Visitor: 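Encoded as structure tokens, here's the structure I'll be asking about.
In this text the structure is predicted, and so the values were computed from the model without any measurement.
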Amino acid sequence: MPAPEDFMRRAIALSREQMLAKGSAPFAAVVVKDGEIVGEGVNNVVNNSDPTSHGEVEAIRDACRRLGTWDLSGCDLYTTCEPCELCVAAMWWARVSRMYYANTLQDADEIGFDLRPLRDTVRADLLRRPITAQRVLPDEARAVIDEWTALPTYKIPQ
């Protein structure tokens with residue numbers, strides 16, 4: 001069975017390959033299940049004009065497509081850099097079981113990626129965030145949720 005270093009080397013190689021070949025940012029990740037890589041992703045925020053195209057998110061998307069499920073319980077994620085809040089949330093929703101990382105957020109900060117404002121925004125109370133928020137049509141939106149929960153196919157993922 002391959003060691004964690006083997007999977008991390010693949011993530012690092014992928015980050016370098018895509019950085020040099022396609023101008024991707026040098027952040028990549030792989031998802032592993034039962035000793036096999038089932039998903040790979042690279043940060044293509046600029047290339048895809050997609051602010052959510054982080055390496056971890058792309059690897060999770062790839063693994064979910066390949067496995068035909070949104071639930072990655074039992075999967076490990078190897079990432080070349082400690083994940084930001086967006087990626088941690090994606091890992092949480094996908095139920096990734098374990099995460100291995102190489103670079104730290106401090107390393108990212110040292111090259112100009114200051115993620116403290118993101119961290120502060122995510123942790124702030126909804127009405128104290130820099131993006132203003134206003135509640136609109138809550139009753140109409142709640143009616144749709146109530147309809148969903150009344151469907152015979154309704155089930156909250158456990």
Side-chain angles (χ1 to χ4, degrees), residues 2 4-19 21-126 128-133 141 144-145 148-149 153-158:
E5 293 82 5
D6 297 320
F7 296 119
M8 187 60 75
R9 281 190 185 98
R10 173 59 191 149
I12 293 168
L14 183 62
S15 73
R16 179 177 287 117
E17 289 167 12
Q18 295 301 301
M19 176 188 68
K22 296 184 179 173
S24 303
F27 305 106
V30 298
V31 175
V32 175
K33 183 172 182 151
D34 300 327
E36 298 287 329
I37 293 176
V38 295
E40 295 186 334
V42 176
N43 183 306
N44 274 307
V45 167
V46 174
N47 293 345
N48 293 344
S49 299
D50 178 355
T52 68
S53 184
H54 293 201
E56 297 89 343
V57 172
E58 293 297 339
I60 288 168
R61 289 173 179 163
D62 188 36
C64 289
R65 276 191 298 271
R66 289 192 204 185
L67 297 173
T69 183
W70 60 268
D71 186 349
L72 298 180
S73 297
C75 291
D76 298 335
L77 186 139
Y78 293 79
T79 177
T80 61
C81 190
E82 177 184 352
C84 71
E85 279 74 2
L86 169 76
C87 297
V88 169
M91 292 167 56
W92 185 85
W93 281 108
R95 299 191 173 150
V96 169
S97 296
R98 186 174 17 204
M99 184 263 300
Y100 297 87
Y101 67 99
N103 292 309
T104 66
L105 289 178
Q106 177 62 39
D107 294 325
D109 185 49
E110 290 172 7
I111 64 165
F113 282 88
D114 179 9
L115 296 178
R116 281 175 295 202
L118 170 62
R119 200 170 315 121
D120 293 345
T121 297
V122 169
R123 293 177 182 173
D125 180 78
L126 175 65
R128 294 203 168 133
R129 294 178 184 161
I131 300 170
T132 58
V144 177
I145 290 175
W148 180 48
T149 61
T153 56
Y154 171 74
K155 181 182 175 191
I156 292 181
Q158 298 296 331

Visitor: Kindly indicate whether the side chain of L14, heavy atoms from C-beta on, has any atom under 4.5 Å from the side chain of V42.
Guide: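 They are in contact (side-chain heavy atoms under 4.5 Å apart), so the answer is yes.
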Visitor: Name all residues meeting the side-chain contact (heavy atoms from CB on, under 4.5 Å) criterion together with C84; count only those two or more places apart in sequence or in a different chain, and write none if there are none.
Guide: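 side-chain contact (heavy atoms from CB on, under 4.5 Å) list for C84, sorted by chain: H54, L86, C87, L115, L118.
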Visitor: Looking at I131, I want to see if its CD1 is surrounded by more than 12 non-hydrogen atoms of other residues, nucleotides or ligands under 6.0 Å.
Guide: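 Atom CD1 in I131 is not crowded, with 12 or fewer foreign heavy atoms closer than 6.0 Å.
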Visitor: Step by step, would you call V88 with M99 a side chain to side chain contact (heavy atoms under 4.5 Å, CB included)?
Guide: CA-CA 10 Å; V88 169; M99 184 263 300; over 6 Å; no
Visitor: Treating N47 as the side-chain partner and K22 as the backbone partner, does any N or O pair qualify as donor plus acceptor under 3.5 Å?
Guide: yes
Visitor: When rounded to the nearest 0.5 angstrom, what is the spacing between CG in D120 and CZ in R128?
Guide: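 Reported value, rounded in 0.5 Å steps: 14.0 Å.
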Visitor: Charged N to carboxylate O under 4.0 angstrom, R66 versus D62?
Guide: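 Looking at R66 and D62, the cut-off is met.
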Visitor: Which value, rounded to the nearest 0.5 Å, describes the distance between C81 atom SG and I111 atom CD1?
Guide: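 Spacing of SG (C81) from CD1 (I111) equals 7.5 Å.
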Visitor: Heavy-atom count around Q106 CD within 6.0 Å, excluding the residue itself: above 12?
Guide: yes
Visitor: Specify the closest pair of heavy atoms between C75 and L67, including all atoms of both residues, with the distance to one decimal.
Guide: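 Scanning both residues, the minimum pair turns out to be SG-CD1, 4.4 Å.
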Visitor: If you round to the nearest 0.5 Å, how far is OG1 of T80 from CZ of R10?
Guide: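 If we round to the nearest 0.5 Å, R10:CZ and T80:OG1 are 12.0 Å apart.
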Visitor: Looking at every non-hydrogen atom in both residues, tell me the closest pair between F7 and I37 and how far apart they are.
Guide: CD2-CG1, 3.7 Å
Visitor: Taking side-chain contact (heavy atoms from CB on, under 4.5 Å) as the definition, give me every residue that meets it alongside Y100, ordered by chain and number, with sequence neighbours left out.
Guide: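 Per chain and number, Y100 pairs via side-chain contact (heavy atoms from CB on, under 4.5 Å) with P4, M8, D76, Y78, R98.
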Visitor: Evaluate the criterion side chain to side chain contact (heavy atoms under 4.5 Å, CB included) for residue pair L77 and I60; output intermediate values, then yes/no.
Guide: CA-CA 8 Å; L77 186 139; I60 288 168; 3.9 Å; yes
Visitor: Answer with yes or no whether the side chains of N43 and S24 bring together a donor and an acceptor at under 3.5 Å.
Guide: no
Visitor: To check you understand the geometry: which heavy-atom pair defines the closest contact between L105 and P83, and what is its length?
Guide: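 Minimum heavy-atom contact is CD1-O, 4.0 Å.
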Visitor: side-chain contact (heavy atoms from CB on, under 4.5 Å) with R129: which residues, sequence neighbours excluded?
Guide: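 side-chain contact (heavy atoms from CB on, under 4.5 Å) check on R129 returns T121, A124, L126.
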Visitor: State, to 0.1 Å, how close A29 and A59 come at their nearest heavy-atom pair, and which atoms those are.
Guide: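 Residues A29 and A59, closest heavy atoms: O-CB, 3.5 Å.
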Visitor: Answer with yes or no whether the side chains of S73 and D71 bring together a donor and an acceptor at under 3.5 Å.
Guide: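 There is such a pair (donor and acceptor under 3.5 Å, judged by atom type) between the side chains of D71 and S73.
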Visitor: Above 12 or not: heavy atoms from other molecules or residues under 6.0 Å from CZ of R61?
Guide: yes
Visitor: Does some side-chain heavy atom of F27 sit less than 4.5 Å from a side-chain heavy atom of T79?
Guide: no
Visitor: What is the minimum heavy-atom distance between V30 and E40, and which atoms define it?
Guide: CG1-CG, 3.8 Å
Visitor: Should E82 and D107 count as side-chain neighbours, where that means a heavy-atom distance under 4.5 Å?
Guide: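 No. Closest side-chain heavy atoms not under 4.5 Å.
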